[in-house]
Amino acid sequence: MDITSRPLQVTDAQAVLEVYRKIAAHPGGFIRAEEEVDLDYIQGMLENTVGTGLGMCAHDLTTGELVGFITARKPGPKAFEHVLAKLTIGVLPTYQSKGIGRRIFFDFLEAIDASRPDVLRVELIVRESNVKAIAFYESIGFRREGSFEKRIRRPNGEFETDIPMGWLKPGI
Ligand SMILES: CC(C)(COP(=O)(O)OP(=O)(O)OC[C@H]1O[C@@H](n2cnc3c(N)ncnc32)[C@H](O)[C@@H]1OP(=O)(O)O)[C@@H](O)C(=O)NCCC(=O)NCCS
């Protein structure tokens, strides 16, 4: 499969929304449910990402379709100017487990290394049951930084722990 990656733009909002909704239709990945995501939400996310953070997406070169994305943005306060937070990564279900998530995350961290001296830390939060994603993040240098107990309430009423993870730029 021929895949290419490039920086995300606000004009990608509709394509990102479609990918987001297809992923959110399967429980266990994103926290936000399919009906909690609309074009306004995605546009806001991309405006923040382009304005303060960094976003990448992957295209299938054969179909031209946007098949995966990663976004992260600055939290706001000056004390957190070196931080990219609220990281979201998603790959279309039919394209998962083919190396696309690893590729866009690698390109994202490489872009931070190469051209974002202002960014020293990247953080994300992942549900404890998403063991494949946690193993993936650990394999690219993220470390567990604690646990937010009972942070998630599943549709059946059960609670789940959320795991904060952080990546520090090598050498800081
Ligand atoms: C997590 C996710 C972005 C990984 O992207 P991917 O393209 O499927 O991953 P890759 O094929 O590049 O594989 C990288 C690692 O991801 C993990 N992974 C693979 N398929 C996965 C899946 N269906 N769900 C979760 N993690 C998966 C594996 O640990 C894999 O490691 P390996 O290469 O050592 O086997 C993707 O599976 C996804 O969109 N999942 C649903 C949304 C989600 O969980 N987002 C993260 C919320 S914090």
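All residue numbers in this chain count up from 1 along the given sequence. All ligand and atom numbering here is 1-based and tracks the order in the structure.
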- prompt: Just going by heavy-atom distances, which of Gln96, Arg102, Lys22 is nearest to atom 32 (P) of ligand 1?
  reply: Arg102
- prompt: Are any of the N/O atoms in Lys132 less than 3.5 Å from those in ligand 1?
  reply: yes
query: Which heavy atom of Ala25 sits nearest a heavy atom of Glu34, and at what distance?
result: CB-OE1, 3.6 Å
Whether Ala135 lies under 4.0 Å from ligand 1, heavy atom: no
query: Out of Val91, Val19, Ile3, which one pairs with Val67 under the side-chain contact (heavy atoms from CB on, under 4.5 Å) rule?
result: Ile3
task: Would you mind running through ligand 1 and noting each atom that sits below 4.0 Å from a heavy atom of Ile23?
output: 41 (C), 42 (C)
message: What I want to know is whether Lys98 and ligand 1 share at least one N or O pair that is separated by under 3.5 angstrom.
response: yes
task: Could you tell me the residue and atom name of the protein heavy atom closest to atom 39 (O) of ligand 1, and the distance to it rounded to 0.1 Å?
output: Val91 N, 2.8 Å
Closest heavy-atom pair and its distance - Pro75, Ala85: CG-CB, 4.0 Å
query: Which heavy atom of the protein is the closest neighbour of atom 1 (C) of ligand 1, given with residue, atom name and distance?
result: Ala133 CB, 4.3 Å
message: Determine whether any protein heavy atom is located less than 4.0 Å from atom 35 (O) of ligand 1.
response: no
message: Suppose we measure from atom 48 (S) of ligand 1 to each protein heavy atom; which comes out shortest, and what is that distance?
response: Tyr137 OH, 3.3 Å
task: State whether a side-chain donor-acceptor pair under 3.5 Å links Glu160 with Ser129.
output: yes
query: Can the positive tip of Arg21 be found less than 6.0 Å from the middle of the six-membered ring of Phe30, inside 45° of the ring normal?
result: no
query: With no hydrogens and no angle check, do the side chains of Gln14 and Glu18 hold a donor and an acceptor under 3.5 Å apart?
result: yes
task: Could you tell me whether Glu81 and Lys74 make a salt bridge, using a distance below 4.0 angstrom between a side-chain N and a carboxylate O?
output: yes
query: Which ligand 1 atoms does Gly90 reach within 4.0 Å, using its non-hydrogen atoms?
result: 39 (O)
message: Check for me whether the distance between the ring centres of Phe69 and Phe108 falls short of 6.0 Å.
response: no
field: Test: Arg154 and Glu158 ion pair at under 4.0 Å
entry: yes
statement: Ranking Gly101, Gly29, Ser97 by closest non-hydrogen atom to atom 8 (O) of ligand 1, top hit is Ser97
message: For atom 14 (C) of ligand 1, what's the nearest protein heavy-atom neighbour? Residue, atom name and distance, please.
response: Phe136 CD1, 3.6 Å
message: The test is salt bridge (Lys or Arg N to Asp or Glu O under 4.0 Å); show your working for Arg6 and Asp12 and say whether it passes.
response: CA-CA 11 Å; Arg6 64 164 175 84; Asp12 294 313; 2.7 Å; yes
task: May I ask you to identify the nearest protein heavy atom to atom 3 (C) of ligand 1, giving residue, atom name and distance to one decimal place in Å?
output: Ile89 CG1, 3.7 Å
statement: For Gly99, the atoms of ligand 1 under 4.0 Å from one of its heavy atoms are 10 (P), 11 (O), 12 (O)
- prompt: Looking only at heavy atoms of Phe105, does any of them come nearer than 4.0 Å to an atom of ligand 1?
  reply: no
- line: The closest protein heavy-atom partner of atom 44 (O) of ligand 1 is Asn130 ND2, 2.9 Å
